[in-house]
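See below for the structure under consideration.
Only this structure's heavy atoms are used, side chains among them; waters, hydrogens and symmetry mates stay out. Numbering of ligands and ligand atoms starts at 1, following listing order.
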Amino acid sequence: MTLISDIEILDDPGKTPGRGQTAASWAGEDIDKARTTTVEAEGHRRVYIETYGCQMNVSDSEIVASVLRQNGFGLTRNEEEADVVLLNTCAIRENAEQKVRRRLRDFQGRKRTGRNASSNGNGSGSSPIRLGVLGCMAERLRTKLLEQERLVDLVVGPDAYRDLPRLLRETDETGQAAVNVHLSREETYADIAPVRYDTNGVSAFVSIMRGCDNMCSFCVVPFTRGRERSRPVSSILSECARLVEAGYKEVTVLGQNVNSYRFQQDGVTVDFAELLQRISFVSPELRIRYSTSHPKDCSDDLLHLHRERPNVCNYIHLPVQHGNTEVLERMRRTYCRDEYLRLIERARMLAPDISLSTDIIAGFCGETEAQHRDTLSLMEQVRYDYAYTFMYSERPDTYAARKYEDDIPEEVKKRRLSEIIALQQRISLERNQEEVGREHVVLVERESKRSTLQLCGRTDTNKMVVFDRKTYEPGEYVRVRITGCTSATLLADPLGRTTLFEFAESAAA
Ligand code: 5AD
Ligand code: SF4
């Protein structure tokens with residue numbers, strides 16, 4: 001898989017990369033690369049967690065870390081010294097699964113030679129290393145992983161993380177694999193304070209709902225993550241308030257389809273726009289992003305918020321998936337090309353200057369050359385700032401796998417994907433060139449990887465900016481003027497420290 005932002009990059013625009021991670025994660029869903037824990041904690045047995053897939057999985061790993069910490073385990077970033085190795089997995093495309101299987105074999109080899117258990121030196125050498133698969137691959141592959149391949153000691157689905165300590169005890173006691181892949185209709189982990197690891201101390205993920213009821217025909221998520229359920233408003237607001245107290249400046253609110261958030265509290269139904277508004281009042285200096293939205297539920301109330309609240313970022317990730325109405329119907333996306341285009345028009349009318357990104361799938365079942373060209377023409381029409389692009393990968397049990405033939409040859413899928421990528425690169429570059437000369441407020445995230453003399457951070461439109469360090473620090477808002485760009489990064493001159501409030505006032509004046 002190739003992601004647009006892999007191609008030309010000055011700086012990693014998202015998280016600090018872990019093992020093998022490239023700079024692909026600035027905003028949208030998918031990464032397909034591993035990230036690892038970076039917190040060293042005192043504890044009897046040490047756990048190493050490697051995370052694959054979307055931001056939701058990163059957030060889940062923080063919950064897993066919290067559950068295990070509360071139960072006396074330590075966390076390590078060093079796989080060599082781990083007593084328990086957990087891979088938090090992704091099943092969205094076949095290549096994501098293959099990566100995890102290769103990694104499991106690697107760890108299994110070590111397990112056999114006892115390399116980890118003998119080298120950890122933490123006095124806990126009595127238990128052999130335990131290897132676990134968490135997350136989206138758990139339910140689908142449990143029989144294979146446990147019986148045919150005998151690869152793992154633990155298989156734990158996304159709704160069973162509270163059970164991890166018990167499952168670990170069980171496998172220790174019996175020497176047999178322990179499994180819990182039960183999908184819940186209620187679990188939101190609302191009461192669990194996530195352990196923020198791999199953190200820059202500036203931005204954090206806050207999960208607000210789990211599961212998905214949409215049943216897009218290509219997607220395995222409803223099967224691996226279960227039914228949609230929303231987390232209580234009060235627990236989301238208190239988590240955001242705690243983050244502000246701890247010095248965080250940005251939250252990304254997460255769910256498979258955040259727009260369908262709905263929670264009944266005191267006889268009132270809080271929808272996503274209302275929730276976002278309440279979060280925006282937690283602190284005027286806390287910037288808010290969200291991911292991912294489904295175009296079918298993108299309300300005017302939500303679009304208005306982008307303009308009305310200075311701390312709700314001027315950016316939406318709105319996956320279109322395809323540019324042809326007939327393909328969209330087969331994908332079961334519930335909107336047609338024209339409806340999607342009207343939504344984009346409306347978004348730009350209600351929130352001028354909003355930046356947009358999307359997800360696009362090339363080579364879906366039965367896609368003709370003319371239908372592929374409809375995707376290209378839609379991209380030309382919308383002119384997204386970024387796009388995450390994928391080759392269709394058939395997923396077992398999905399509607400598409402049952403009803404349609406995966407009939408587009410691999411070379412054709414690849415060629416169509418590369419046409420989509422080349423077009424998006426050109427558009428991204430043009431969009432970035434339009435930024436030269438403009439002023440933005442950037443939240444500094446960290447030092448640039450190219451030079452210790454430079455810092456980087458994102459605009460509120462989610463564009464990565466690199467500029468001279470001077471006396472600025474991560475966590476500060478800095479006013480900048482854009483001086484140059486590539487298709488992935490803006491270069492800027494810093495003009496001075498600011499606040500979100502001050503910048504919004506000066507922009508309005
Ligand atoms: N094949 C290719 N891409 C997929 N996605 C989801 N399922 C598949 C699949 N079977 C993409 C969609 C989605 C993103 C997270 O991953 O574009 O929005
Ligand atoms: Fe998958 Fe569609 Fe749900 Fe997104 S909205 S997680 S693509 S089923």
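Note that R262 lies outside the cation-pi zone of F272, set by a 6.0 Å cut-off to the ring centre and a 45° limit from the axis. Both cation-pi conditions hold for R309 and F281: the charged atom is under 6.0 angstrom from the six-membered ring centre and inside a 45 degree cone around its axis.
Ring geometry for F107 against Y48 counts as tilted: the plane angle lies between 30° and 60°, on a 0 to 90° scale. Ring geometry, Y384 versus Y340: the interplanar angle falls from 30° to 60°, so the pair is classed tilted.
Between E419 and R415, at least one side-chain nitrogen of the basic residue sits less than 4.0 Å from a carboxylate oxygen of the acidic one, meeting the salt-bridge criterion.
Proximity of E394 to ligand 1 is not established, as no heavy-atom distance is less than 4.0 Å.
Distances below 4.0 Å separate heavy atoms of Q321 from the following atoms of ligand 1: 12 (C), 13 (C), 17 (O), 18 (O). Interface of Q256 with ligand 2, defined as ligand atoms under 4.0 Å from a residue heavy atom, comprises 6 (S). Shown in contact with P222 at under 4.0 Å from a heavy atom are these atoms of ligand 2, numbered in order with element: 8 (S). Taking every non-hydrogen atom of R395 and a distance limit under 4.0 Å, the qualifying atoms of ligand 1 come out as 10 (N). Every atom of ligand 1 is numbered from 1 in the order shown, and the set under 4.0 Å from a heavy atom of D359 is 13 (C), 14 (C), 15 (C), 17 (O), 18 (O). Near M391, the atoms of ligand 1 lying under 4.0 angstrom from a non-hydrogen atom of the residue are 1 (N), 2 (C).
The residue N257 has no part lying near ligand 2, judged by heavy-atom distances below 4.0 Å. Under 4.0 angstrom from ligand 1, the non-hydrogen atoms of I92 come from both its backbone and its side chain.
Between V202 and Y248, every side-chain heavy-atom pair lies at or beyond the 4.5 Å cut-off.
Counting backbone and side-chain atoms alike, H294 contributes no N/O/S atom closer than 2.8 Å to atom 3 (Fe) of ligand 2.
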